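A short worksheet on the structure shown next.
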Amino acid sequence: MVLDPQLIWNGLVVGSIIAVSALGLTLIFGILNFINIAYGDYMAAGAYVAWAVNAQVGLPLGVAIVIGVLTMSVGSVVLDKLVFQHFRTRSPITLLIVSIGLAFILRNLIRAIWGPSGHFYELPMEANPSFLGVRFSIEQVAIMVVSLLLLLGVYVLLRRTRIGIAMRAASDDRMLSRIRGVDTEKLVLYVWLIGGAIAGLGGIMLGLDAQLRPNMGFTALIPIFAAVILGGIGDPKGAVAGGYTIGVAQEVSVAVIPSEYKFGVGLLALIVGLLTRPDGLFGEATR
């Protein structure tokens, strides 16, 4: 079977969105040791804030994106202080349950403020160009470029800066890092700032590629979780690789199965990955 280049391109675009979102989620897990179910609703909130600034206030999309990202960066810290900080000494299961409650609150708050119907960003109406038979949009190209720049920036942060090195050390052994003098509370602040910003950007990318809906983040959690687990929980590079793997697999599968079933490919890849590579794509031990 000859793979359709259009499907591969679509898969790379979707994979970019999943990879970026999975990276933010796995960074938060690495420091706080719990899966934040509300992460998808962080994505939706960032997307809706950017849409409101763009479509309702009338500011340029670039400005709206920056405001949406910054809002979720700061907002994630505020939510940590209001909610998660009070349960941080409890078990990860407790934090997981708390995050589920927070997810419901955020999703219904979005629905109450902006309504249940779908929205689109204010984008110029332009014909989609094509190259070598592959049709693409300017938004898709922007998604690809921004995601690659972000992934490169996070890689440099984790490998070349003191904050990143401290985050990696705390991810491996938080208690030992505290003994060695690492301010883990400050790291929690940094990881929420970075993770919240990535969530906001991931949600905006998702909105640019599709449509804004209150449950958009919750729906996106399935492939994002699949990417995180497939890549190895807590492993940033594995999350990125898992994101692109899930994205391409979902879109390419449309050649042989109906498109409404493509989201099941992520779950299938997750099951196969757990059976064949239980420690992640790169052999990183899960927690």
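Please read these numbers as outputs of a predicted model, since none were measured by experiment.
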Donor-acceptor under 3.5 Å ([X] side chain, [Y] main chain):
X: Ser73; Y: Leu193; value: yes
X: Thr94; Y: Arg90; value: no
X: Gln6; Y: Arg135; value: yes
X: Tyr42; Y: Gly195; value: no
X: Ser99; Y: Asn36; value: no
X: Thr26; Y: Leu23; value: no
X: Asn54; Y: Ala50; value: no

Quick check: do [X] and [Y] have side-chain heavy atoms less than 4.5 Å from each other?
X: Glu122; Y: Gln56; answer: no
X: Val20; Y: Val240; answer: no
X: Leu27; Y: Val154; answer: yes
X: His86; Y: Val98; answer: no
X: Arg213; Y: Phe218; answer: no
X: Ile28; Y: Phe84; answer: no
X: Leu212; Y: Trp114; answer: no
X: Leu158; Y: Ile165; answer: no

Could you grab the distance from atom [atom1] of [X] to atom [atom2] of [Y], nearest 0.5 Å is fine?
X: Ile198; Y: Met72; atom1: CD1; atom2: CE; result: 12.5 Å
X: Ile194; Y: Ser76; atom1: CD1; atom2: OG; result: 10.0 Å
X: Ile143; Y: Leu12; atom1: CD1; atom2: CG; result: 12.0 Å
X: Asp209; Y: Ile17; atom1: CG; atom2: CD1; result: 4.5 Å
X: Ile65; Y: Leu59; atom1: CD1; atom2: CG; result: 12.5 Å
X: Phe120; Y: Gln211; atom1: CZ; atom2: CD; result: 4.0 Å

Where do [X] and [Y] come nearest, in terms of heavy atoms and distance?
X: Leu187; Y: Ile163; value: CD2-O, 4.1 Å
X: Thr219; Y: Pro223; value: O-CD, 3.8 Å
X: Met43; Y: Ser21; value: CE-OG, 3.3 Å
X: Ile110; Y: Ala45; value: CD1-N, 3.7 Å
X: Asn108; Y: Phe104; value: ND2-O, 2.7 Å
X: Pro214; Y: Gly115; value: CG-O, 3.6 Å

* Test side-chain contact (heavy atoms from CB on, under 4.5 Å) applied to Phe136 and Val13, step by step -> CA-CA 10 Å; Phe136 58 90; Val13 174; over 6 Å; no
* Asked: Angle class for the Tyr48/Trp51 ring planes (parallel below 30°, perpendicular above 60°, tilted otherwise)?
  ->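 Aromatic pair Tyr48/Trp51 classed perpendicular.
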* Using only heavy-atom distances, determine whether the side chains of Trp9 and Gln140 contain a donor-acceptor pair under 3.5 Å. => yes
* **Enclosure of Tyr155 OH (heavy-atom neighbours >12, cutoff 6.0 Å)** => no
* Does anything in residues 188-202 pair up under side chain to side chain donor-acceptor pair (under 3.5 Å), and if so which pairs, sequence neighbours excluded? -> Asp80-Trp192
Should [X] and [Y] be counted in the same cluster of Ile, Leu, Val, Met, Phe, Trp and Tyr side chains packed under 4.5 Å apart?
X: Val146; Y: Tyr244; value: yes
X: Leu150; Y: Met144; value: yes
X: Ile93; Y: Phe29; value: no
X: Val69; Y: Leu148; value: yes
X: Met167; Y: Leu152; value: no

* What do the steps show when you test Ser147 against Met205 for side-chain contact (heavy atoms from CB on, under 4.5 Å), and what is the final call? -> CA-CA 9 Å; Ser147 64; Met205 288 179 174; 4.0 Å; yes
* Pairing residues for Ala227 by the side-chain contact (heavy atoms from CB on, under 4.5 Å) criterion, not counting sequence neighbours ->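 For Ala227, the residues satisfying side-chain contact (heavy atoms from CB on, under 4.5 Å) (neighbours in sequence not counted) are Ile18, Ala22, Ile246.
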* Output, in order, the C-alpha distance, side-chain angles, deciding distance and verdict of side-chain contact (heavy atoms from CB on, under 4.5 Å) for Val254 and Asn10. => CA-CA 11 Å; Val254 175; Asn10 294 342; over 6 Å; no
* To do: Apply side-chain contact (heavy atoms from CB on, under 4.5 Å) to Leu70 and Val74, showing your working.
  => CA-CA 6 Å; Leu70 291 178; Val74 176; 5.5 Å; no
